[in-house]
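Have a look at the structure below, then the notes.
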Amino acid sequence: MKIASWNVNSLKVRLDQVVAWLEHQQPAVLGLQETKLVDEKFPAEAFNEVGYQVIFSGQPTYNGVALIARSELADPVMGIPGFEDDQKRVIAATVDGVRVINLYVVNGQEVGSEKFDYKLRWLDAVTAWVEDELSRHQRLVVMGDFNIAPDDRDVYDPEAWHEKILCSTPEREALGRMLDLGLHDSFRLFDQPEKTWSWWDYRAAMFRRGLGLRIDLVLCSEALKGRCSTSYIDKEPRRNERPSDHAPAVAEFTL
DNA sequence: ATGGTCGATAGTCGA
């Protein structure tokens, strides 16, 4: 079972790329972030035509998440239950017995800002809900654009990014509290090439220069850990014309 | 050099 996460930075612009990637990679589930589409404009038909079902939760201009799957998307949840939030950042469903939670984590802009405080509150709320979901689902994946580089191996220049947004201790500790529920960063279950990134800033030709961060993650529960056969970043779509600034994070499980 | 570039949207904001 191949499961992938991709921040597409506008599904309107990236639709053809996403459909082409689906047809080529044939994942069981793909979670999208930053669709930037209201639900009325979600291109469900384009996915149905290539054999995928969809659920989505969008808003004008910002944020927006979706789950795309070959099989039924059962028991869907949009948003964090009990956490009042206008921003559409969370969507979950059960696919072939695996609970899949897709997150677009708050960016936070700058350490110490109001948006940073919101990021930490949001992470605490989502972690409490993931704990609840774990009590009901042994086989669980939490994936998405986490907007957190787990450690310095995931940063092209750790000194320049020291205690900066995406890398600060409070953010990493918040991610750590989620991992402490019994989740594993699937990427680190395997030997990996050094300097593997999932996001390269559009500015300053960062992709061409090989400078990025790994902030897109697929976490898996204890019951899935031993069934995870591979985990990687598919850098290819970042080479496309008019690419997203993120590449898909992919994990495969033997079920 | 606190910039650089995208996307949504129509002067900026968010990333």
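In what follows, chains carry the letters A, B, and so on, assigned in the order in which the sequence lines appear, proteins first and then strands, with residues in each chain numbered from 1.
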Exercise for review: Map A:N147 and A:T35 onto DNA chain B by nearest heavy atom, then report which one ends up closer to the 5' terminus.
Suggested key: A:T35
Practice item. For A:L11 and for A:Y104, locate the closest nucleotide of DNA chain B by heavy-atom distance; then report the residue assigned to the nucleotide nearer the 5' terminus. Key: A:L11
Value in whole Å for how far the [atom2] atom of [N] lies from [atom1] of [X]:
X      : N      : atom1 : atom2 : result
A:Q87  : B:dC13 : CD    : P     : 16 Å
A:E241 : B:dG7  : CD    : P     : 11 Å
A:E110 : B:dT2  : CD    : C1'   : 10 Å
A:K36  : B:dC6  : NZ    : P     : 13 Å
A:D216 : B:dA15 : CG    : P     : 15 Å
A:N7   : B:dC6  : CG    : P     : 16 Å
A:R89  : B:dG14 : CZ    : C1'   : 10 Å
A:N240 : B:dG7  : CG    : P     : 12 Å

**Study point:** Co-members of A:I233 in a cluster of I, L, V, M, F, W and Y side chains, linked at under 4.5 Å
**Key:** A:F187
Point to revise | For A:F56, the rest of its hydrophobic cluster, which grows through side-chain links under 4.5 angstrom | key: A:W6, A:V8, A:L11, A:L15, A:V18, A:V19, A:W21, A:L22, A:L30, A:L32, A:L37, A:F42, A:F47, A:V50, A:Y52, A:V54, A:I68, A:Y232, A:V250
Review point. Could you give all pairs that pass the salt bridge (charged side-chain N to carboxylate O under 4.0 Å, His left out) test and reach residues 181-195 of chain A, with sequence neighbours left out?
Key: A:D154-A:R188, A:D185-A:R214
**Study point:** Sequence neighbours excluded - salt bridge (charged side-chain N to carboxylate O under 4.0 Å, His left out) pairs with any residue from residues 84-112 of chain A
**Key:** A:R99-A:E133
**Study point:** Residues which pass ring pair (Phe, Tyr, Trp, His ring centres under 6.0 Å) with A:F116, listed by chain and number, not counting sequence neighbours
**Key:** none
Check your understanding: What interatomic distance, in whole Å, is found between P of B:dA1 and the corresponding atom of B:dA10?
Key -> 36 Å
Check your understanding: Which value, in whole Å, describes the distance between the C1' atoms of nucleotides B:dA15 and B:dG3?
Key -> 16 Å
Point to revise | Basic-acidic side-chain contact under 4.0 Å: A:R242, A:D16 | key: no
Review point. Under the 3.5 angstrom rule, does the side chain of A:S168 hit a backbone N or O of A:V111 as a donor-acceptor pair?
Key: no
Point to revise | Residues in contact with DNA chain B, drawn from residues 196-210 of chain A - heavy-atom cutoff 4.0 Å | key: A:Y202, A:R203, A:A204
**Study point:** A:K115 vs B:dG14: side-chain N/O to OP1/OP2 distance below 4.0 Å
**Key:** yes
